[in-house]
Amino acid sequence: MTHPAVQRSTDKFEHAAIVPREHLDFQLDSSDIPKYWMAGDAFKTRFFDAMSTLFPAGEKFFITSVREFRDRVTDPKLMQEVKDFTRQEAQHSMIHKQFNDRLKAQGVDIDNITKELEFMFFDEAPRLTTATQRLAITSALEHLTSMMCTCFFERKELLEASDPRVRAMYAWHAIEEVEHKAVAFDVLTKVAKAGYFRRNIAMFFVTFGFPFTVARIMNHMFQVDGFSLRQRLGLWARGLWWFYKPGGLFIPTLGYYFAYYKPGFHPWKVKEMPSYGTWLSTFERAGDPIAAGNALHAAGQ
Ligand SMILES: [Fe+2]
Ligand SMILES: [Fe+2]
């Protein structure tokens with residue numbers, strides 16, 4: 001059944017409204033959240049933790065890249081979407097900073113990770129790329145983000161034995177990433193007028209840059225956690241198998257990933273996030289993002 005928040009856009013693609021949600025409490029300051037909050041597994045936990053360390057600087061980059069074109073947006077609907085996208089991403093950064101404080105207390109060098117990312121996004125990128133190229137990178141990263149959100153949350157077993165508070169943070173982030181998944185793409189194609197090759201060259205670039213960055217941060221975390229070289233090699237071997245094995249995390253995302261390269265692609269043409277309506281109706285009824293995260297997880301397959 002279509003949730004009332006799902007509306008018909010001017011693009012004739014049905015999609016959810018972009019709803020900025022503020023003052024959410026995931027109880028991230030609780031002392032009983034386990035260090036390896038995902039099934040007690042170092043690799044799986046640190047994979048998601050590494051992404052959390054990227055968000056504050058990364059989402060600031062996304063906001064900056066989209067807002068560079070704000071003055072040229074003439075469609076009032078798209079203008080409103082840019083504002084709502086900005087508010088959602090700003091909230092994500094804020095909550096992930098809270099979560100990253102936990103990682104910092106575990107010894108993860110959040111300050112240095114952020115410093116390196118900020119150098120890459122706000123020093124190197126403006127020197128080496130045009131505003132349109134930065135927006136194309138943002139659009140590509142938003143596609144990878146919505147791909148993970150859509151594909152990971154249909155896998156019930158993935159987050160089965162996870163701490164419900166951290167899982168709820170990722171569930172909320174996933175929901176909002178899906179809601180605003182087309183904003184950077186629409187500004188890129190309708191306002192910056194980037195064509196097929198420009199958007200796909202950016203996707204090719206981030207396809208290698210993103211996992212490389214995540215892997216470097218994970219390796220740092222494993223060192224901080226005190227794993228020897230031999231233990232780290234074992235973690236990587238088992239972790240990469242978990243990720244790339246038949247039926248693992250990676251293969252079911254391929255259809256979603258490659259859709260971006262199709263001429264005529266639009267983010268609302270790829271598959272819907274399963275159970276989006278479940279999260280939304282639970283959140284609206286209970287006003288509790290942790291209950292909504294539990295409901296989203298329970299609705300997985
Ligand atoms: Fe986000
Ligand atoms: Fe986003």
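Order of listing sets the numbers, starting from 1, for every ligand and every atom in it.
For Glu89, the N, O or S atom closest to the Fe ion (ligand 1) goes by the atom name OE1. The minimum distance between the Fe ion (ligand 2) and any N, O or S atom of Glu142 involves atom OE2.
No side-chain heavy atom of Trp279 sits less than 4.5 Å from a side-chain heavy atom of Met273.
In Lys245, the NZ atom is crowded: over 12 heavy atoms of neighbouring residues, nucleotides or ligands sit closer than 6.0 Å.
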Derivation and outcome, side-chain hydrogen bond (donor to acceptor under 3.5 Å, both in side chains), residues Gln223 and His220: CA-CA 5 Å; Gln223 282 174 315; His220 159 67; 5.0 Å; no
Step-by-step ring pair (Phe, Tyr, Trp, His ring centres under 6.0 Å) determination, Tyr170 to His96: CA-CA 9 Å; Tyr170 278 103; His96 279 279; 5.6 Å; yes
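For a distance bound of 2.8 Å, the N, O or S atoms of Glu176 include none lying that close to the Fe ion (ligand 2). Here His92 does not reach the Fe ion (ligand 2): none of its N/O/S atoms is less than 2.8 Å from the metal.
The aromatic rings of Phe47 and Trp242 lie perpendicular to each other, with more than 60° between the two planes, well past the 30° mark.
Around the Fe ion (ligand 1), the angle linking Glu177 (OE2) with Glu59 (OE2) is 140°, rounded to 10 degrees.
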